[in-house]
Number of protein chains: 2
Amino acid sequence: MISDFDVLLKLAEENNLKNKNTVTTIGLSKSLTVSQQTISRKLIELEKAGLIVRNSSYRGITFSLTEDGTKFLNEKFIKLRNVLTKTTRNSIEGEIVSGLGEGKYYVSQKEYMLEFKKKLGFEPYAGTLNMNVNEMELAEFLSNIQMVVINGFKKSERTYGEIYSYPVRINKELEGAIIIPKRTSHSRKIVEVIAPVFLRGTLKLTFGDTIELIGKK
Amino acid sequence: MISDFDVLLKLAEENNLKNKNTVTTIGLSKSLTVSQQTISRKLIELEKAGLIVRNSSYRGITFSLTEDGTKFLNEKFIKLRNVLTKTTRNSIEGEIVSGLGEGKYYVSQKEYMLEFKKKLGFEPYAGTLNMNVNEMELAEFLSNIQMVVINGFKKSERTYGEIYSYPVRINKELEGAIIIPKRTSHSRKIVEVIAPVFLRGTLKLTFGDTIELIGKK
DNA sequence: ATTACTACGATCCGAGTAA
DNA sequence: TTTACTCGGATCGTAGTAA
């Protein structure tokens, strides 16, 4: 019995070894020891599931992993990493960048504000600190923090979605949280941090400075 | 369709590779969204395949992963790491720090110098640029560069060991290499960079500035 | 409470084969 | 050469249930 994971991992390996993204179902079937027909069907299923995009002809199949496909593998990687290595990532560093973030808009909404106060224990300053981080480090870091779900709401015909928040300690001084809107599916290089105070002011930071977040709990 | 990998990973997460732990088939069935009966059968199969040892009673199942079970997960982990790090990291940034490095001493040795010229294609300036980097980023970065081994030698009863060098491009302008003595076993936060010119002068850098290295090949 | 057997419908695999 | 369809046999998943 072959799984999506097996096939996707093999595709990712093929994709890396050669720079070409062309494979044949026969080649894959040999390296995975299943039939050509099964591979053909599996690739169709993976495409339907949105994990790859695919273009087949009588000369083979060209493909690439979608963002969701990479994310799928990355999640497995992080779980394995947490299980197989004793040291887990409970801190992350990042560079402060200027914000064109949507976060400020969110924290300005009264309804979110009340939720933040109730669930995180503080009323956030009406702005966010934007931070440039390594994507893989971020994924590892977040996987070790207990996520707090901030409920969405509806107001004047617009729907405001759920926000995932991750409590952190900032530069070993201040309490705060990383916030990530639920509907954001792509992985991020920039995250937004909220806190009860104006962080750039309180910590005397300028763009380009590095700050450290430590996961709480 | 649930795979051995899914179940084994969940088991490993449950006990975090401690020696023994107790789970219930009902609990596992909920977190993996399959039936209790399927989990029961899967655990029996995993035991027959030699991936876990298992002891069941009316109070639950105590189990542990066998060596083969851990190996199974570890192989997946390594494949994922190779695939995911290769696609993500071929550059690294770091801050220039003042050097108390041993590198300057090395590049001053005639024997090393000749090796550098022969194998890297340039004769290094007799000094190194010291750079503060994130250890994990460095490990990922270096794993993607083809290492060039600089041979050691003996001179007046002292042994000079091998040096590992990693060709890089500096700030998209200059050729150079990271050098790491072979006998250094601990992971490093500071690496030394060599180049055919005095880097701080040529690039007009001062301590605290950030530079970017891009892996070659 | 549990685990795990039986039975059977659902799903998967792959040989044959069309395009 | 390919990919990918059909379909029969094999395997999987789960409801019911015994222990």
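Values below: all heavy atoms of this structure, side chains included; hydrogens, waters and symmetry mates excluded. Throughout, a chain's letter reflects where its sequence line sits, starting with A, and its residues are numbered from 1.
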Value in whole Å for how far the [atom2] atom of [N] lies from [atom1] of [X]:
{"X": "Y58(B)", "N": "dA18(D)", "atom1": "OH", "atom2": "P", "answer": "21 Å"}
{"X": "D6(A)", "N": "dC12(C)", "atom1": "CG", "atom2": "P", "answer": "15 Å"}
{"X": "I26(A)", "N": "dT17(C)", "atom1": "CD1", "atom2": "P", "answer": "17 Å"}
{"X": "D4(A)", "N": "dT11(C)", "atom1": "CG", "atom2": "P", "answer": "15 Å"}
{"X": "R59(B)", "N": "dT3(C)", "atom1": "CZ", "atom2": "P", "answer": "12 Å"}
{"X": "M1(A)", "N": "dA10(C)", "atom1": "CE", "atom2": "C1'", "answer": "12 Å"}
{"X": "I2(B)", "N": "dA10(C)", "atom1": "CD1", "atom2": "P", "answer": "21 Å"}
{"X": "N55(B)", "N": "dT2(C)", "atom1": "CG", "atom2": "P", "answer": "17 Å"}

**OP:** First locate atom OG1 of T66(A), then atom CD1 of I52(A), and finally report the distance between them rounded to the nearest 0.5 Å.
**Re:**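 The distance works out to 8.5 Å.
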
**OP:** For this output row, return yes or no: ring centroids of F122(A) and F116(A) closer than 6.0 angstrom.
**Re:**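 Distance test on ring centres: not under 6.0 Å, no.
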
**OP:** Name all residues meeting the ring-ring contact (aromatic ring centres under 6.0 Å, His included) criterion together with F72(A); count only those two or more places apart in sequence or in a different chain, and write none if there are none.
**Re:**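 Partners of F72(A) by the ring-ring contact (aromatic ring centres under 6.0 Å, His included) criterion come out as none, since no residue qualifies.
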
Subject >> Phosphate contact (dT2(D) OP1 or OP2) by S57(A) side-chain N/O below 4.0 Å >> reply: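 Negative; the distance criterion is not met.
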
Subject >> S56(B) side chain near dT2(C) phosphate (N/O to OP1/OP2, under 4.0 Å) >> reply: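 False: S56(B) side-chain N/O out of range (4.0 Å or more) of dT2(C) OP1/OP2.
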
**OP:** Mark yes when over 12 heavy atoms from residues, nucleotides or ligands other than R158(A) sit less than 6.0 Å from its CZ; otherwise mark no.
**Re:**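 Above 12, so yes.
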
Subject >> NZ (K119(B)) with more than 12 external heavy atoms under 6.0 Å >> reply: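 Result for NZ/K119(B): enclosed.
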
Original post:
For DNA chain D, what residues of residues 37-52 of chain B have any heavy atom nearer than 4.0 Å?
Top reply: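 Heavy-atom cutoff 4.0 Å gives Q37(B), T38(B), R41(B).
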
**OP:** Let me see the working for D6(B) and K76(A) under salt bridge (Lys or Arg N to Asp or Glu O under 4.0 Å), right down to the final yes or no.
**Re:** CA-CA 9 Å; D6(B) 292 324; K76(A) 303 287 186 187; 3.3 Å; yes

